[in-house]
Amino acid sequence: MKDSRLQVRSLVVALVLLVFASMGARAQETAGNFLANLHEFRINNYMAMDAYYRFSASGDTETLNEIVAAINGANDAMNAVIESTSGILTEEQIESLNQEFDSFKNLMRSNVNDVRKTGYPDLRLVSDMANQALTMNDIATELYSISQESTQTGNNPRVEAARSASVMMAQMMAKYSARSNSSVYQTFQGAETEKPLDEQAREFDQLLAVVTRGDNEDAVEETIQNVSSKWEFIRGSYINFNDRNVSFIIDRYSKGIIEGLSTTIELLQNKA
């Protein structure tokens, strides 16, 4: 009888420990998803800006669809952040970002409509949107840093370097797109205060070196090599950004790098 009670007590303890372990794993997963959604939010907003600058010069329907897809992606990520139960950020912090995003979406809608109606952008409105994008992404970056420092989130240096590299590439791509459209170049977000493209390219070199460093399985190695090859192909265009280059190739390869880094992040997380 005594042995039976001891067995029951041991079973109860084991079940309790299992529940706590499961709760901890779910909390870690929720926190990881929270960071991933903030990351996707930043990426998609830069993608939307990149597409807009190209659309402002061409009025092309396919490019317009890229704007819509990017805004929808950012919207989905923002909704996931709002609905998160992780408790990493306060409601006030999340709402401040959401309000800035609403302003950005309204300005994007107005700028797109201008191009569709007149065939060319209203530079004042484009400037307003560019400044709003800068403000919004600065807040998103600050909130990402706060979330990253939370005790609830893990910190894989290679994953974080890959995310930073992705954001930088998306920002560089949007800036290069603005340079390729002379009518809107001076209204690019942060044109006066942002680091020049060549400096950003060298910072990208450093981030990519961190991503590359470490023991890699075949799939990770192949993906990183693919990213590195694409980067080597367009790096000179970002370093010598005043030279005349084929902008659509820069855009295509930059997107390929962002996609490759996204795959790298997924593989590294699965490995962990």
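- Here CG of Asn106 is found 12.5 Å from CG of Asp128. Values are rounded to the nearest 0.5 Å.
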Query raised in the report: Under the side chain to side chain contact (heavy atoms under 4.5 Å, CB included) criterion, do Tyr144 and Val167 qualify, and how do the steps go?
Result: CA-CA 12 Å; Tyr144 185 90; Val167 172; over 6 Å; no
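- Within a 6.0 Å sphere centred on CG of Asp218, other residues, nucleotides and ligands contribute 12 heavy atoms or fewer.
- By the neighbour-count criterion of 12 heavy atoms within 6.0 Å, atom CD of Glu222 is sparsely surrounded, having that number or fewer from other residues, nucleotides or ligands.
- Val68 and Tyr53 are not part of a single hydrophobic cluster, where members link through side-chain heavy atoms under 4.5 Å apart.
- A distance of 11.0 Å separates CG of Leu268 from OG1 of Thr263, quoted to the nearest 0.5 Å.
- With Asn137 contributing its side chain and Ala133 its backbone, the two residues share a donor-acceptor pair below 3.5 Å.
- Interatomic distance, OH of Tyr176 versus CD1 of Ile234, reported as 9.5 Å (0.5 Å rounding).
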Requested in this report: Give the intermediate values and the outcome of salt bridge (charged side-chain N to carboxylate O under 4.0 Å, His left out) for residues Arg202 and Glu199.
Outcome: CA-CA 5 Å; Arg202 292 185 175 92; Glu199 287 187 28; over 6 Å; no
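- When all heavy atoms of Leu261 and Ser166 are compared, the pair lying nearest together is CB-OG, 3.3 Å.
- Asn111 places a side-chain N or O within 3.5 Å of a backbone atom of Leu125 that can act as its donor or acceptor partner.
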Requested in this report: Under the side chain to side chain contact (heavy atoms under 4.5 Å, CB included) rule, what do Tyr46 and Met173 come out as? Steps first, then yes or no, please.
Outcome: CA-CA 8 Å; Tyr46 281 123; Met173 182 175 67; over 6 Å; no
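- At least one test fails for Arg179 against the ring of Phe241: distance under 6.0 Å to the centre or angle within 45° of the axis.
- Under the 4.5 Å side-chain criterion, counting only non-hydrogen atoms from C-beta, Ser56 is not in contact with Val126.
- Taking all atoms of both residues into account, the shortest heavy-atom contact from Arg42 to Thr141 is NH1-OG1, 3.4 Å.
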Query - Trace of the side-chain hydrogen bond (donor to acceptor under 3.5 Å, both in side chains) decision for Ser254 with Tyr238 - result: CA-CA 11 Å; Ser254 296; Tyr238 281 119; 2.7 Å; yes
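- Between the CD atom in Glu95 and the OG1 atom in Thr90 there is a gap of 10.5 Å [rounded to 0.5 Å].
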Requested in this report: Go through the steps for Met47 and Lys255 under the test side chain to side chain contact (heavy atoms under 4.5 Å, CB included), then give the verdict.
Outcome: CA-CA 9 Å; Met47 298 285 275; Lys255 288 175 181 172; 4.2 Å; yes
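- Between Ile239 and Ala201 the shortest heavy-atom distance is CD1-CB, 3.6 Å.
- Listed for the Asn131 side chain is a donor-acceptor partner under 3.5 Å among the backbone atoms of Ser127.
- The only option from Asn156, Thr223, Asn270, Val159 that meets the side-chain contact (heavy atoms from CB on, under 4.5 Å) definition with Ile265 turns out to be Val159.
- Using a 4.0 Å cut-off between a side-chain N of Lys or Arg and a carboxylate O of Asp or Glu, Arg235 and Asp205 qualify as a salt bridge.
- Checked by atom type and distance alone, the side chain of Glu100 never pairs as donor or acceptor with a backbone atom of Gln132 at under 3.5 Å.
- Taking all atoms of both residues into account, the shortest heavy-atom contact from Met136 to Phe41 is SD-CZ, 3.9 Å.
- In this structure, Glu259 does not pair ionically with Lys230, as no charged nitrogen and carboxylate oxygen lie closer than 4.0 Å.
- Using cut-offs of 30° and 60° on the angle between ring planes, the pair Phe104 and Phe101 is parallel.
- Using modelled atom types, one side-chain atom of Thr264 and one backbone atom of Gly260 make a donor-acceptor pair closer than 3.5 Å.
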